[in-house]
Every structure is written in C-alpha cells, then in structure tokens.
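Working notes, beginning with the structure itself.
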Amino acid sequence: MDTIRVTLPGGKVMEIPPGMKIQEIVSSLRLNSHIIAARVDGVAVDLDRPLRRDCALDWIPMDSPEGLDILRHSTAHLMAQAVQGLFPGTQVTIGPTIEDGFYYDFNRESSFTPEELETIEARMRDLAASDLKITREEISRKKAIELFRSLGEGYKVAILEEIPDDTVSLYRQGDWVDLCRGPHVPATGVIRAFKLTGIAGAYWRGDERNEMLQRIYGTSWHSEEALSEHLRLLEEAKKRDHRKLGQELGLFMVSEAIGPGLPIWLPKGAMVRSILERYIVDLERSLGYQHVYTPQLARTDLYRQSGHWDHFKDNMYPPMRFEDKEELVLRPMNCPHHIMIYRRDLHSYRDLPLRLAELGTMYRYERSGVLSGLSRVRAMTLNDAHIFCLPEQIQSETVGVLRLIERVYRDFGFKDYWYRLSLRDPKDKSKFVDNDAMWDNAERYLRQALTEVGIAYKEATGEAAYYGPKIDVQLNDVLGHSETLSTVQLDFYLPERFGLEYVDKDGQRKRPVMIHRGVISTMERMMAFLIEHYAGNFPLWLSPVQVRLMTVTDEQKGYAEKVLRRLQALGWRAELDGRNEKLGYKIREAQMAKIPYAVVIGDRETKNQTVSPRRRGGQTLEPMSVSAFIELLGEEEVARELVGDKPTAGTAD
RNA sequence: GCUGGCGUAGCUCAACGGCAGAGCAGCUGAUUUGUAAUCAGCAGGUUGUAGGUUCAAUUCCUAUCGCCAGCUCCA
C-alpha cells in the first residue's frame with residue numbers, strides 16, 4: 001500500500017504518499033498563509049508533521065482562538081530567544097499563553113527595565129524578519145536533561161525531572177532551543193503583530209517561599225489591525241475603571257491620612273450605597289431574613305473559640321487591650337456575633353430555619369500589595385446573613401439563596417458571571433478544619449442545590465473557606481480580573497465549636513447547620529462592580545442625582561424653582577443649575593456628571609408650563625408637562641433598566 | 001509582604017541640577033445665552049515625608065509613606 005487516505009475539512013478525501021508533511025498538503029491545495037497548524041484526528045500538531053496513517057485533517061487558522069493561542073505561545077518563544085540573545089546567562093523557566101497574550105518567566109540577576117523591553121521587542125522583530133524555521137524534535141527525557149544541564153538551564157532540568165513521559169519534545173528556531181509540547185507556528189516570520197506589555201516579579205512555581213523570577217508580559221495577534229484594536233479596547237476599559245470614575249464623579253475617596261484600604265464614601269457615593277442597602281434589606285426581609293445590628297469589636301476569646309484565631313489570624317488586626325481589662329479585636333467576620341444571637345434562645349426545630357442578616361462592618365488586615373480602590377479594602381460592610389437550619393433544610397435553603405442571587409443579578413443586569421464550587425484541597429488539609437465526613441457531606445449538598453436550580457459551575461480545589469466548602473459567584477472587573485461577588489458557604493463546624501442546638505421532634509437536642517451567605521457582597525466591592533458595569537452611567541433608580549434642571553436665562557428661575565420643589569417633594573433627586581451660563585455649557589456639565597436627565601427650562605417651557613428633558617445618551621424628548629415627566633421617571637425607576645444610553649458609553653473626552 | 005514603575009496646584013499633565021509652568025476647576029467682573037466648553041482678570045505650590053550630596057535639588061543618593069502593574073492572598 002503506497003498511499004494513505006486523508007480526509008480534508010469538508011469531507012474530501014485525498015490520497016497521499018505516507019510521510020508527506022501537512023505543510024506540503026497546505027501548499028498543494030494553495031490554501032492561504034493564515035493556516036499555522038492543523039488537527040490530526042482532533043489533536044493539534046505542527047504543519048511540519050509527516051502523516052503516516054489514514055486520518056482526518058482540520059486546519060487551524062491564525063485568527064481562530066486555537067490559532068491565536070499557538071501564535072502567542074510561539075511569540076513567547078520568540079521573546080525568550082531574544083532575551084537570551086541579548087542577556088546571556090538569563091535562564092528560561094516557563095512561558096505559557098494567557099487570555100489575549102502570553103508571558104515568560106526568566107531568572108536573571110537584575111530586573112528588566114522598560115528600556116530593555118523596547119530593545120527586546122526590536123530584537124524580536126529582527127528574529128521575526130529572518131523567518132527562522134521552527135522545528136520539532138523528540139528525544140528521550142534523559143537526553144533532554146543532559147542537554148539543558150549543559151546549557152545551564154536548571155529550571156528546565158527541574159521541570160523535566162517531574163515529567164513522567166520517557167520522550168519529550170524540543171522546539172528549535174535558529175540556534176535557540178526550548179523544551180515544549182507545542183504545537184508552534186511553522187516559522188518566526190508568521191509572527192508580526194505583537195507588543196510587550198509589562199514587567200513584573202513572579203515566584204517560581206507560584207510559591208512565595210521560592211525565589212522571585214522576572215516575568216515579561218506580551219500580546220500577539222494575527223494582524224496589526226487586531227493588535228491595535230486590542231490595545232484600543234484596553235484603553236476603553238481603563239476609562240471604566242471604578243477608581244478613575246469614582247474620583248471623577250465624586251463617589252468615594254481614599255485618604256492617605258486616614259489610611260490605605262479605608263475608603264471614604266462621598267455624598268454621591270453614599271447616596272448610591274444607601275439605595276443599595278435599602279434594596280437588599282427590603283428584599284431579604286420579604287424572604288424571611290431578620291436584620292440585626294452587632295458591634296464591630298469583640299473579645300479575642302470569641303475568635304479563639306470560633307477558630308478564626310487559628311485559621312484567619314493573618315487577616316486580623318492585632319488585639320487591643322485597655323489597661324489590664326479584657327482584650328478586644330476588630331471583627332474580621334460577623335458569624336460569631338450572629339451565633340451569640342442564636343444561642344440566646346433554646347430553639348425548637350419549628351423555629352428553623354432562622355435567617356439572621358446584617359450589613360455587617362468588619363475589618364481585615366490585607367497585605368499592602370493587594371489593596372485596590374473599593375474592590376480590595378481593609379474596612380468593609382458585608383451584605384451578610386447566617387441561616388441556621390436543620391440538616392434536611394440545607395438543600396432548600398441553599399436553593400433559596402441561589403434563586404435570590406439570580407434575582408438580584410437580573411435587577412442589576414449582570415450577565416457575565418459564573419459559578420464556582422470551591423472545595424478544600426485534599427492534599428493540603430492544613431488550611432481547613434479536619435473532618436473528612438463533614439466535608440464530603442457539605443460538598444454533596446452544594447452540588448445537589450446547584451443541580452436543582454440548573455446552574456452550571458466550575459470546581460476549584462483549595463478555594464474553600466476554612467470551615468466548609470462554598471459556592472462563589474465570580475464576575476470579571478473591567479480589566480478582566482475575576483472577583484467573588486456572591487458566596488454561599490456551608491458550615492457544620494462553627495455550630496460544633498459553639499455547641500449550637502435545637503430540640504427536635506423527638507425531644508432530643510441536635511446540631512443545626514449554618515449557611516453563611518453574601519449576595520451583593522460588600523458594599524465596597526458591589527459599588528466598584530456597579531461603577532464599572534454601568535461605566536458610571538447609573539440607571540435612574542441608582543443615580544445619586546437623577547435630574548438636573550437648567551434654565552436658559554435668569555428669566556425662568558422662578559418657574560424652574562417651582563418645578564424643582566415639586567420634583568423634590570415627590571422624592572426625586574433633582575437639582576437646579578440656574579447659573580448665568582450658556583445652555584450648551586450646562587448640558588455638557590450634566591452629561592459629564594452622567595446625570596440621567598438634563599431638563600431644559602426656557603421661555604417656551606415657562607410660557608406653556610412644560611419641561612424639555614434630554615436623556616444622558618443625547619436623546620432630546622419633546623416638551624412635556626411636569627406631570628408627564630414625573631410619570632416617565634416613575635416608569636423608568638421601577639424598570640431599573642438603563643434607558644437611552646449606548647451600552648459602552650465611556651467618559652466624554 | 002515580594003518585584004518593578006510612579007508621587008509637581010483641587011483635577012490632568014509640563015519643566016529633569018540654575019527664579020516651578022499650562023489647561024480645566026475655583027474666585028471677581030463683563031456677557032442673558034435653546035441641547036457637549038462665552039470672554040477677561042485674579043488667586044492657587046516648603047514639588048508625598050525625612051535625611052544626604054552640591055555654591056545650587058522638583059531633578060542625583062538613602063530611608064519612609066502612598067499609588068499603579070504583576071506575584072502571593074482574598075469579599
């Protein structure tokens with residue numbers, strides 16, 4: 001048999017001599033140069049790969065997600081080649097692709113400077129221009145270890161020593177070689193549109209006990225246009241950054257004098273926050289939650305008993321002592337306080353579930369490097385609740401919380417989020433309380449609840465709370481970082497620690513189960529998300545200022561004030577710009593302040609007793625009576641939706 | 001906490017060893033204006049803080065505080 005049968009994409013079968021390379025098929029078919037790799041029976045391979053058996057072929061074009069991933073991986077190699085050429089003695093470690101880009105970690109005495117980044121980029125362009133062929137080679141693991149040892153690449157040797165396979169693959173381009181699984185683009189000339197985007201330290205193997213390596217980040221695209229579009233989107237995203245908008249819109253501040261991570265809510269931000277608080281408290285009360293207030297300090301012993309002292313001490317402020325009296329700490333969590341409320345009474349099984357909620361302010365010592373605007377702070381107020389329930393109520397209560405989360409996200413228009421089932425790491429039990437049966441049970445209940453609501457989820461090992469597994473809801477911030485917003489945590493441990501009981505039907509005292517849950521997260525983080533989600537354009541119901549009236553000339557001031565009083569009397573957050581300025585100027589300021597309605601009051605309106613509203617997005621409405629305008633506001637507030645804004649309206653500049 | 005970068009007027013940014021500047025915002029005056037910026041004038045600073053080098057430091061060095069990116073950690 002002297003030919004093999006290759007099924008091409010689309011079903012056509014081609015007969016080729018065995019050993020023919022995929023690249024030759026690509027050339028013979030005169031396919032465009034955008035094909036940079038292929039899939040053979042579903043497995044991604046280099047174009048350089050010879051075919052020896054009947055198989056099905058599929059192309060991987062450069063602009064497909066998989067193609068971009070390969071391109072970026074090859075760009076990481078190109079960068080490593082440039083770095084090692086420019087800075088002899090620098091060792092390579094790992095260089096994977098990430099969303100929209102890649103990085104490579106190096107071990108080098110000194111750090112890379114921004115100027116060196118440009119030099120590296122220039123060298124990469126040279127290497128790309130020389131269009132070096134990229135070739136794959138398979139050798140035994142033993143030989144590979146020898147090779148990298150002779151090259152002085154200790155990290156590669158360490159990686160090789162952990163690979164179980166006997167055979168490993170190397171990739172060569174020019175005189176440069178790297179250990180890599182591949183696949184890669186056929187030659188460096190394919191790599192055209194790239195940019196090195198940052199330098200940072202990163203611990204070897206992600207462990208802070210290890211030495212710090214030098215990481216260079218970059219991005220790579222199939223065309224210059226795609227690259228500049230990507231960079232433009234990054235710039236756009238920066239405009240939505242809650243730290244920037246929070247400053248511009250006067251929502252919050254952080255004062256160096258007060259302290260890092262201790263945000264100050266300015267009047268406008270405080271207005272949004274109080275609306276959020278009222279919203280969630282009302283909603284929770286309607287679902288059978290009872291709100292309480294408890295102090296932000298407690299005896300250290302309380303936290304010793306709860307286990308926080310053992311498991312959470314690094315995140316707690318040190319205790320304070322007044323003379324020789326009791327020792328107090330700022331609370332890092334609210335649960336022990338709610339547990340004390342539970343313990344006040346002897347509970348019948350008929351009382352359960354007991355749902356205690358609090359907008360609980362708490363303090364956590366976060367390491368300085370992690371603080372960020374409102375999303376990572378040291379003083380925060382959590383939309384917290386603890387559900388004390390019977391074991392047989394776990395699933396229905398968890399389902400109730402999941403439904404509440406879904407309901408709230410709908411109200412805010414959140415669409416881009418995912419559920420994570422956070423489990424303990426069975427290999428590293430030191431971070432978690434030790435009770436295998438408890439963990440297994442809790443995990444099962446959470447899975448059942450997720451299934452019942454029909455929610456898809458990803459599992460994350462090692463992400464659990466110290467007292468139990470949890471369901472987290474992850475949202476991306478505007479810069480692409482995933483953060484937890486909502487959380488549902490199952491806890492068999494604290495009821496045990498505090499000896500919680502209820503009297504069951506049979507008269508026996510039994511242990512209740514606790515569910516810790518947060519829906520709109522901390523007020524701080526929720527605010528950060530909302531600012532970015534709406535790009536500062538809050539929908540009417542959340543806008544700190546909903547309406548700004550503006551006169552055309554002084555003549556209309558009397559009528560405008562009358563309209564203002566009428567709106568304010570009905571609870572609308574309205575203000576009047578009666579300054580002696582041109583209308584265009586006032587409109588512009590209202591637009592930049594992102595106020596939903598700018599309402600023009602000139603001679604015509606005064607004469608007809610009307611108003612002329614203009615929406616934030618630029619839409620001018622026909623003059624209407626004040627009552628009609630109020631009706632319009634009422635409908636929009638109830639709908640809780642954005643009206644008249646472009647979905648990605650950034651700042652006006 | 002670690003690696004790197006950056007701290008100049010309320011905000012956004014110049015000046016980079018030789019008298020610290022602009023735009024916006026603020027104040028005063030003129031302008032009475034119809035859907036994204038009217039004009040003029042005035043005022044605004046121990047250049048984050050503390051040391052050091054120098055005849056001279058915003059500029060160079062050291063320490064420290066803060067911010068930013070990333071690592072680690074997390075609501």
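Owing to the predicted nature of the structure, the values given are computational and were not obtained by experimental measurement. Within every chain, numbering begins at 1; the chains are lettered A, B, ... in the order of the sequence lines, protein sequences first and strands thereafter.
Taking 3.5 Å as the limit, the base of B/A75 and the side chain of A/E366 contain a donor-acceptor pair of atoms between them. For A/E605 against B/G34, a side-chain-to-base donor-acceptor contact under 3.5 Å is present. For A/Y203 and B/G1, a side-chain-to-base donor-acceptor distance below 3.5 Å is present, hydrogens and geometry of angles not being considered. Remark: the A/R376 side chain and the B/C73 base include a donor-acceptor N/O pair separated by less than 3.5 Å.
Ring geometry, A/F412 versus A/F414: the interplanar angle falls under 30°, so the pair is classed parallel (tilted spans 30 to 60°). Between A/Y466 and A/H311, the ring planes are parallel. Angles under 30° get that label, and only those over 60° would be called perpendicular. Ring geometry for A/H516 against A/Y467 counts as parallel: the plane angle stays under 30°, on a 0 to 90° scale with 60° as the upper cut.
A/S521 comes within 4.0 angstrom of sugar-phosphate atoms only, judged by non-hydrogen atoms across all strands, and of no base. Contacts of A/R614 with the nucleic acid, taken as non-hydrogen atoms under 4.0 Å apart, include base atoms. Across all strands shown, A/Y217 has heavy atoms under 4.0 Å from sugar-phosphate atoms exclusively, and none from any base. No contact: A/H516 has no heavy atom under 4.0 Å from any strand. Here A/D207 lies out of heavy-atom contact (under 4.0 Å) with every strand. Using a 4.0 Å heavy-atom cutoff across all strands shown, A/G602 reaches at least one base atom of the nucleic acid. Within the nucleic acid shown, A/T487 has no heavy atom closer than 4.0 Å to any nucleic acid atom. Among the atoms of the strands shown, only primed sugar atoms or phosphate atoms (P, OP1, OP2) are found under 4.0 Å from some heavy atom of A/G584. Among the protein residues, A/G618 comes within range of no part of the nucleic acid, since none of its heavy atoms lies under 4.0 Å from any strand. Here A/V377 lies in heavy-atom contact (under 4.0 Å) with a base. Heavy atoms of A/Q247 sit under 4.0 angstrom from primed sugar atoms or phosphate atoms, though from no base atom. Counting non-hydrogen atoms under 4.0 angstrom, A/L382 reaches nothing in the nucleic acid. When heavy atoms are screened at a 4.0 angstrom cut-off, A/S111 is found touching the sugar-phosphate backbone but no base atom. Among the heavy atoms of the strands lying under 4.0 Å from A/S612 is at least one base atom, whether or not backbone atoms are also near.
Summarising the base pairing, B/U31 is matched to no nucleotide, lacking a Watson-Crick or G-U wobble pair whose two defining distances lie under 3.5 Å. Nucleotide B/G21 is matched to B/C13 when pairs are restricted to Watson-Crick or G-U wobble geometry with both distances under 3.5 angstrom. With a 3.5 Å ceiling on both atom-pair distances, B/U46 lacks any Watson-Crick or G-U wobble partner. Using Watson-Crick or G-U wobble geometry with both donor-acceptor distances under 3.5 Å, B/U58 finds no partner in any strand shown. When both pairing distances are held under 3.5 Å, B/C6 makes a Watson-Crick or G-U pair with B/G66. Nucleotide B/U53 is matched to nothing when pairs are restricted to Watson-Crick or G-U wobble geometry with both distances under 3.5 angstrom.
Spacing of C1' atoms, B/A14 relative to B/G23, comes out at 11 Å, to the nearest Å. Annotation: B/U58 and B/G7 have their P atoms spaced 15 Å apart (nearest Å). Spacing between B/A20 and B/C16 at atom C1', rounded to whole Å, works out to 12 Å. Distance check on atom C1': B/U47 versus B/G10 gives 16 Å, rounded to whole Å. Across B/C13 and B/A25, the matching C1' atoms stand 14 Å from one another, rounded to whole Å. Using P as the reference atom, B/G52 and B/U28 are 44 Å apart when rounded to the nearest Å. Rounded to whole Å, the separation between the P atoms of B/G48 and B/A57 comes to 15 Å. B/A75 and B/U38 have their P atoms separated by 50 Å, given to the nearest Å.
Nearest nucleotide to the side chain of A/M592, out of B/G1, B/A36, B/C71: B/A36. Listed nucleotides B/A37, B/G66, B/A75 differ in distance to A/P260; the shortest reach to its side chain belongs to B/G66. For A/R367, the listed nucleotide lying nearest its side chain is B/G1; candidates were B/A75, B/G1, B/U35. Comparing B/C71, B/G1, B/A75 against the side chain of A/R525 picks out B/A75 as the nearest.
For A/R243 and B/C68, the shortest distance from a side-chain N or O to OP1 or OP2 is below 4.0 Å. For B/A75, the OP1/OP2 oxygens have no side-chain nitrogen or oxygen of A/Y363 closer than 4.0 Å.
In summary, the side chains of A/T551 and A/K586 do present a donor paired with an acceptor at a separation below 3.5 Å, with no hydrogens or angles considered. Between A/Y417 and A/S486, the side chains place no donor N or O within less than 3.5 Å of an acceptor N or O (distance only, hydrogens not considered). A donor and an acceptor atom, one from each side chain of A/Q489 and A/T487, are located under 3.5 Å apart. With hydrogens and angles left out, the side-chain atoms of A/R331 and A/Y363 include no donor and acceptor closer than 3.5 Å.
The distance from atom CG of A/L249 to atom CE of A/M592, rounded to the nearest 0.5 Å, is 10.5 Å.
Checking A/F112 against A/M380, the closest nucleotide of RNA chain B that is more toward the 5' end is the one next to A/F112. If A/K470 and A/T553 are placed on RNA chain B by their nearest nucleotide, the residue sitting closer to the 5' end is A/T553.
Taking atom CG on A/N210 and atom P on B/U72, their separation rounds to 11 Å, with Å as the unit.
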